[in-house]
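Being a predicted model, the structure only gives us computed values, none of them experimental. The analysis underlying the following values was restricted to heavy atoms, covering all of them including side chains, and did not include hydrogens, waters or symmetry mates. By convention in this document, chain letters (A, B, ...) are assigned in the order of the sequence lines, proteins followed by strands, and residues within each chain are numbered from 1.
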There are 2 protein chains.
Amino acid sequence: MTLKELARHLGLSPTTVSRALNGYPEVKETTRRRVAEAARALNYRPNTRAKSLATGQAMAIGHVIPLSSRHEMVNPIFADFIAGAGEAYARAGFDMVLSVVSDADEAQTYRDLKARGSVDGVIVHGPRAGDPRIDLLDEIGMPFLVHGRSTGTNRPYCWLDVNNRRAFQRATAFLLDLGHRRIGLLNGLEVMDFALRRRDGYERALAERGVPRDPALIRSDEMTEAYGYRSGRDLLALPAPPTAFLVSSMIAAIGLRRAIEEAGLRLGRDISVITHDDDLSYLRNGDDVPLFTATRSSVRDAGRQAAEMLLAIIAQPETAPRERLLEAELTVGQSTGPAPKGQPS
Amino acid sequence: MTLKELARHLGLSPTTVSRALNGYPEVKETTRRRVAEAARALNYRPNTRAKSLATGQAMAIGHVIPLSSRHEMVNPIFADFIAGAGEAYARAGFDMVLSVVSDADEAQTYRDLKARGSVDGVIVHGPRAGDPRIDLLDEIGMPFLVHGRSTGTNRPYCWLDVNNRRAFQRATAFLLDLGHRRIGLLNGLEVMDFALRRRDGYERALAERGVPRDPALIRSDEMTEAYGYRSGRDLLALPAPPTAFLVSSMIAAIGLRRAIEEAGLRLGRDISVITHDDDLSYLRNGDDVPLFTATRSSVRDAGRQAAEMLLAIIAQPETAPRERLLEAELTVGQSTGPAPKGQPS
DNA sequence: CTACAAGTCCAAAACGCTTTGGGAAAATGC
DNA sequence: GCATTTTCCCAAAGCGTTTTGGACTTGTAG
């Protein structure tokens, strides 16, 4: 069912039918209704390709999701982020096109997306410090929004981020208030900007209280269950083990819990743990009482908001808001408690 | 940079340039090289929309991923499945377009995809028994491949699936061999076809040995960590608790482990657990020795193969293979052991 | 040297839509 | 009742490709 066929069916010109369906004023109300009805009855949908060829709008947003080349791993938060973004796109009549791409090919992917005109804008995932993609996208004139931020980038760009520094600063302070002095940090990969900010928050909180930073207590890697387990096991085996941990993701925290229990220690009593919680749908932090004390920020919600911002930027590049900083809430669960007495300082 | 511009730049007609780039024979080898070089130099890429309008091929595959309406949850295996599929699409020059859609709108989404011509085919996720989507897609003439199967569908369709029945039958037999007689089953949602097959495998194995099936030991729900925990806690509190569990996903198994440890029991000694393991990148089943005894089948690999099959079906509808059954391997880890003595039969 | 087949290239139509530039009919102003 | 605006519709051009149907050149056979 094409426009032309529909038009012939109605005894009208394609022009009129097109205008009727797109809400232009120069068509009589009764014909508009007649057209709308016929369109519904015949299940007519304008061909996307033809439409965007004519309008120059792709009506699609690209998500280039980087594949960690080291571990061939795709970050589990993407599913939820994309679910959120998908909602916003669906409402606006946009498609979402995904490219899963290893770091090396990423620049070329953006270039292709632009040159082939397959999307109106992209969401940049997993930004690093001084991320070259921002310059690239600016250069080729592709509208974009960064999920996260990139320190060291001087030109302005649009972003939506969680206040990672503040979140980890507060979490660290919370542990310090409970009397903990040796606090392990199981951070994400520290090429990632969010991980750098979290580490900064952690170190600031320590510095504020004059607690010395011990590099032996800091780990950084991709946030898998195995990483949480291994790091926990290693740190707990130190001569002066930490009494508390700050962890960058629920998945890693679950691995850490395994290490803690395997060491015969009790979570929340012997060892305190605060994790960042992206509020993933399949990994809710407990039912009623949160299992882990956590800095929580729904990544699904972030996806929804990011998509809405990008759509607004594409629609009205001048007036749309260009930056948004979400605060994570610190929810107290069962995984934290006062530092055990008699610890070596 | 359009074809026309490139042609003018070269002093050729658009026809010739198009033919040169697409490998048609009626163009001199030297001009072909000249064109190819200029295209590379000027970073020319054919506009996807124009191309597919002209050819009638969308050069894109749709993935409609259902959003569980009850829990607003997106299954964590999608990320890995999509990563695998994305690889195959990238190689073939196809785009991947995603629609995240709640069950109610799914039929309309497929209709739209077809009517708007935005994809050449779709992958159907999360099939149920007698899934109406199969009839629908057949009816509207959209090529598709099902990830999983749908019992009770009489017309033939293309699918790729794991042998879930066999996997769970073997796993159950394995536990029976170890002397377990009360085996809990934490299944996925039993409207899903894969869950029905797993249950069938479980029950067949019990029947083969003449072990009576106890409905009190069977749970079925969306596979979250909380579900694993809750079910484990409840079943372990029964007057005659199970000595072993069969679990439908790593995430749920992790919740179960929490319940087991909280009950003061030891995984692999007091309680045996076998889980299905989708081999998710962020949730590897241990480093060297598998943590859980598991029926493993890489969902990422399934994504790759599914995509390749669908592409083949679109390219040569007659000759392409239309069905593929993957076997899960039963890998023995630390979570299983002989049934404790002195249990009530 | 002619006739015919390859070998190369091009102009124009087509894909399905939007949009520009009218044009006829109806409504309005005086 | 006539001029002018408004209302409603249409033909045709254009978006960037591919593809059809030649046309001109060159090579080859007789």
Side-chain angles (χ1 to χ4, degrees), chain A residues 1-36 38-39 42-60 93-95 112-120 315, chain B residues 1-36 38-39 42-60 93-95 112-120 315:
Chain A
M1 174 57 47
T2 73
L3 223 212
K4 217 195 297 185
E5 288 166 7
L6 179 60
R8 187 161 33 230
H9 178 88
L10 283 161
L12 288 170
S13 79
T15 311
T16 306
V17 176
S18 169
R19 300 195 129 141
L21 292 174
N22 291 314
Y24 282 78
E26 52 272 87
V27 42
K28 191 161 43 170
E29 208 40 53
T30 65
T31 39
R32 186 195 304 285
R33 263 201 293 279
R34 202 161 64 90
V35 170
L42 298 172
N43 199 39
Y44 168 78
R45 295 277 180 298
N47 180 301
T48 322
R49 323 248 142 202
K51 181 166 190 163
S52 46
L53 185 57
T55 59
Q57 285 240 322
M59 295 301 282
F94 272 63
D95 283 337
D112 278 16
L113 247 29
K114 175 68 183 179
R116 304 189 316 169
S118 21
V119 300
D120 296 316
Chain B
M1 172 59 43
T2 72
L3 223 214
K4 217 196 292 187
E5 288 166 7
L6 179 60
R8 189 162 31 231
H9 177 88
L10 283 161
L12 288 169
S13 79
T15 309
T16 306
V17 176
S18 170
R19 300 198 129 141
L21 292 173
N22 291 315
Y24 283 76
E26 52 273 90
V27 42
K28 193 161 39 170
E29 208 40 56
T30 65
T31 41
R32 186 194 302 284
R33 263 200 294 278
R34 203 160 65 90
V35 170
L42 298 173
N43 198 42
Y44 167 78
R45 295 277 182 298
N47 180 301
T48 321
R49 324 243 142 206
K51 183 165 186 160
S52 46
L53 185 55
T55 58
Q57 285 240 320
M59 295 300 281
F94 272 63
D95 283 337
D112 277 16
L113 248 28
K114 175 66 182 183
R116 305 189 317 168
S118 22
V119 301
D120 297 316

For B:R116, side chain to side chain donor-acceptor pair (under 3.5 Å) partners two or more places apart: A:D95

All side chain to side chain donor-acceptor pair (under 3.5 Å) counterparts of B:T2, not counting sequence neighbours: none

From A:T48 atom OG1 to A:M59 atom CE, the distance as rounded to the nearest 0.5 Å: 9.0 Å

From CG (A:D112) to CZ (B:R45), nearest 0.5 Å: 4.0 Å

Sugar-phosphate, base or nothing in reach of A:T31, heavy atoms under 4.0 Å: sugar-phosphate

Residue closer to the 5' end of DNA chain D, B:V17 versus A:L12 (nearest nucleotide): A:L12

Which heavy atom in [X] sits nearest to a heavy atom in [Y], and how many Å separate them?
{"X": "A:A39", "Y": "A:L21", "answer": "CB-CD2, 4.0 Å"}
{"X": "A:S52", "Y": "A:A58", "answer": "CB-CA, 3.8 Å"}
{"X": "B:S118", "Y": "B:A60", "answer": "O-CB, 3.7 Å"}
{"X": "B:K4", "Y": "B:P14", "answer": "CG-CG, 4.2 Å"}

Can you give me the N/O atom pairs linking the protein to nucleotides 21-24 of chain C at distances under 3.5 Å, or say none if there are none?
{"residue": "C:dG21", "atom": "O6", "partner": "A:R19", "partner atom": "NH1", "Å": "3.4"}

Can you check the [X] [atom1] to [N] [atom2] distance for me, whole Å?
{"X": "B:L3", "N": "C:dC10", "atom1": "CG", "atom2": "P", "result": "13 Å"}
{"X": "B:L53", "N": "C:dT18", "atom1": "CG", "atom2": "C1'", "result": "13 Å"}
{"X": "A:R49", "N": "C:dA14", "atom1": "CZ", "atom2": "C1'", "result": "18 Å"}

Taking the side chain as everything from C-beta on, heavy atoms only, tell me whether [X] gets closer than 4.5 Å to [Y].
{"X": "A:L42", "Y": "A:E5", "answer": "no"}
{"X": "A:V35", "Y": "A:L12", "answer": "yes"}
{"X": "A:R34", "Y": "A:L10", "answer": "yes"}

Any donor-acceptor pair under 3.5 Å from B:D120 side chain to B:Q57 backbone: no

Side-chain donor or acceptor of B:R49 paired with backbone N/O of A:A50 under 3.5 Å: no

Terminal helix-axis angle for the helix from C:dC1-D:dG30 to C:dC30-D:dG1, with five pairs defining each axis and rounding to 10 degrees: 40°

First and last nucleotide of DNA chain D, 5' to 3', lying under 4.0 Å from heavy atoms of chain A: D:dC8 to D:dG16

Interface with DNA chain D, restricted to residues 20-30 of chain A and to heavy atoms under 4.0 Å: A:E26, A:V27, A:K28

Under-4.0 Å side-chain N/O to phosphate OP1/OP2 contact, A:K51 with C:dT18: yes

